[in-house]
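Remember, it's a predicted structure, so these values are computed and weren't measured experimentally. Start at 1 and go down the list; that is how both ligands and their atoms are numbered.
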Amino acid sequence: MESLNCGSLEFLLNHPKTSHVTSDVNTETIERRSFSPKKIKIFSSKYTNIKNCPEYKFSNNKEAEKLLPDIINNNVQKIIPGDEMSKSGKLAFKVRRNIGVFFSGGPAPGGHNVIAGLYDEVKKYNPDSKVFGFLSGPDGLLESKYIEITKSLVDAHRNMGGFSMIKTGRTKIDSKNKMDVSLKTCLDLELDALVVIGGDDSNTNAAFLAQRFKSAGIKVIGVPKTIDGDIQVKTDDKETLCAVSFGFHTAARAFSQNISNLTTDASSDVKYWHVCKVMGRVASHLTLECAFQTHANLSFIGEELADYTDHQRIEEAKKKGKTDYNAYGMTLRHLSRLICDIIVRRAALGKNFGVMIIPEGILEFINEIQVFIIKLNTIIAEYNHIHDNDFHTSFPTLESKLEYLRRLTRGMGDRDKFFIWNLRDDDLFNQLPPFFREGLLMERDTHGNFQFSLVKTEDIIMDMVKEYLSILKEQGKYKIGIKRSYFNSIMEDSKFIPDKIARIIFKNSEDRYLLVKESIISLKTLKQVLINSEVIGQDDKVPESLIQIFKKSNPKFKTQTHFYGYDGRGSDPTYFDCHYTYNLGITAFHLIANGATGQMAAIKNLEKKFGKWEPIGIPIAKLMHLEERKGKLELVIEKSLVDLDSNSFRIFKALREEWMAANENLDRYRRPGPVRFAGSAEEDRPITLMLNSI
Ligand code: FBP
């Protein structure tokens, strides 16, 4: 080093400080990798056992009874200490095993810890046991692409976000052939068990694999993953067995930190409404959690919109002796009116800025759009069913897709049986902006889900908001309130008598925030009012001070739109998710070691302190119901939507008016801070979870 010239690039590159600060691995990563999450107490027993708990009841779906006969009668299973186990039982527990694992669906923070927990426990009982990771999700199983998971691989990923260790994919194992190929891969690898880390669709897959693999003696265990938070399991008696899927807490915290930063910027720069679309394919759990984390001014919960009833319309129709069927469910137009109402109310108090949160899946709850989605799903599925080329290959452009729909209205569709698409549908559909029509017609994902994340929902809604606000502005109803003290000081400087002018130009001259009269919508209309009240003569100019007041009252509606999804999905897990996932991995091992199959590893009592967490297995087949997918009814795990009777939703409803802050008080924004995984300031559970457990 001494021989190098101090200013040379070579000197700089070789300097220890340079290599320290430019290393791929920073101090936070080193700390994360070396952190050991605590284990649930039961896992400190040398052996475990499982106890069947028939007292947890679920009603079976008939189709599930037919298609999943070997696992439909599974019970909830509790993992209990097994120290009393017989000698042969202990030997069986420690037998050498091969276990396969794969991720499925979108990444969720904590996935690597599931593998770490599984790996550590497998090796603890028998160092010769092996864990194989199938690459890129279910494809790895179908194509027999896998790696052996090693200690160094696990150590590099402990407490780290993403699914990069073995990657993920969304392929569905949905045919007899794919099932047979999957079984062959597992038999070739001499697997004892397979662990599927996935969401509702992937756990559905896990149940079908468990059924298919049963006779071969290969166990299949699911793990509840998804940032959407929509895998929640309650028994028929409303006892919570799985309060939330893993990854939800981290994603919500990561989104919330960004949203909270926007509340800080918005209230500093006071000129933008920030519109934040937040992931969550259908359910609005993430939005509800972000609302509690940030106290943003406006947060919409899709489930509430679907439940909406316009009582005024119902009453009006009743008076005419009629029933108004359109009074049920929220329309896009109505939603945009609601948003405008709040924007106008805040502006009247001088707050022409704010932050709103829109759930990604909101359109699913808007009646008129949902009808389109279902109809188009059916049309596309039916087309694919009878043609060699699929719909999107046959009609690659928007225009060609629209032409196909038009043909249907003329009765020229395939098999002439598409009564579901009529002229009225075509008319309404064509009134939507092209990018939205394109979104509604795009390819469904492999599970037949509509891909909401690809539709610019926020633009659709905000276009309607802007349009209506400009009407309100024209009507003189959208104005920025002028603070009385500010008005007085300007008037005094320009020698006007404030009270006199206030009565002439404001409609509420006694209030603290003054609103310019509705008839004054331009400098010309202002001049006319001043002439009529003899403040100025016909040929005079409007005084500068009054121009200043008018301009200040005249709103510009400026928005910034943001999408929070992939960023939070890739965040490193919170302390809660680190512990939750590590223990899920351990639970999966203990279910396997005790011979369980067709079960989902879960932790009961997540809402309680860590010492009360209980590892359990939940029978997946019992969670099934029939759902429309690609135009057909399919057996899938039922998604949990936001429960409008839950504590968290009721509390949100009670507090949202305060967070809206359409009053003279300061905004009530909350700063959740960044995602942390250690330290006393770290929050230990999602807020919605805490509220629901009261
Ligand atoms: P999973 O249900 O697979 O966990 O995925 C969740 C999710 O992140 C949704 O919130 C989002 O709508 C979707 O995945 C996005 O899908 P993609 O990754 O294919 O863009």
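Contact between Gly199 and ligand 1 is absent, with no heavy atom of the residue lying under 4.0 Å from the ligand.
Residue Asp200 has no nitrogen or oxygen atom sitting less than 3.5 Å from a nitrogen or oxygen atom of ligand 1, judged on distance alone.
Within the 4.0 Å heavy-atom criterion, the part of Asp228 lying near ligand 1 is the side chain and not the backbone.
When each atom of ligand 1 is checked for a heavy atom of Gly105 under 4.0 Å away, the hits are 3 (O). Residue contact check: Lys225 has heavy atoms under 4.0 Å from atoms 1 (P), 3 (O), 4 (O) of ligand 1. Of all atoms in ligand 1, listed by their number and element, those nearer than 4.0 Å to a heavy atom of Gly280 are 10 (O).
With a 6.0 Å radius and a threshold of 12 heavy atoms from other residues, nucleotides or ligands, Lys639 has its NZ atom above the threshold.
Among all non-hydrogen protein atoms, the one lying nearest atom 2 (O) of ligand 1 is Thr226 OG1, 3.4 Å. Looking only at protein heavy atoms, the nearest one to atom 7 (C) of ligand 1 is Arg569 NH1, 3.7 Å. Closest to atom 13 (C) of ligand 1 among all protein heavy atoms lies Arg170 NH2, 3.6 Å. Among protein heavy atoms, the minimum distance from atom 11 (C) of ligand 1 is reached at Glu360 OE1, 3.6 Å. The protein heavy-atom contact nearest to atom 20 (O) of ligand 1 is Tyr566 OH, 2.5 Å.
Ring-plane geometry between Trp613 and Phe576 is classed as perpendicular, the angle between the planes exceeding 60 degrees on a 0 to 90 degree scale with a lower cut at 30.
In this structure, Lys277 satisfies the cation-pi test against Phe563, with its NZ or CZ atom closer than 6.0 Å to the six-membered ring centre and inside 45 degrees of the ring normal.
Side chain of Glu303 to main chain of Val642: a donor-acceptor pair is present (N/O by atom type, distance under 3.5 Å, no hydrogens or angles).
In this structure, a donor-acceptor pair under 3.5 Å is present between the side chains of Tyr669 and Asn297.
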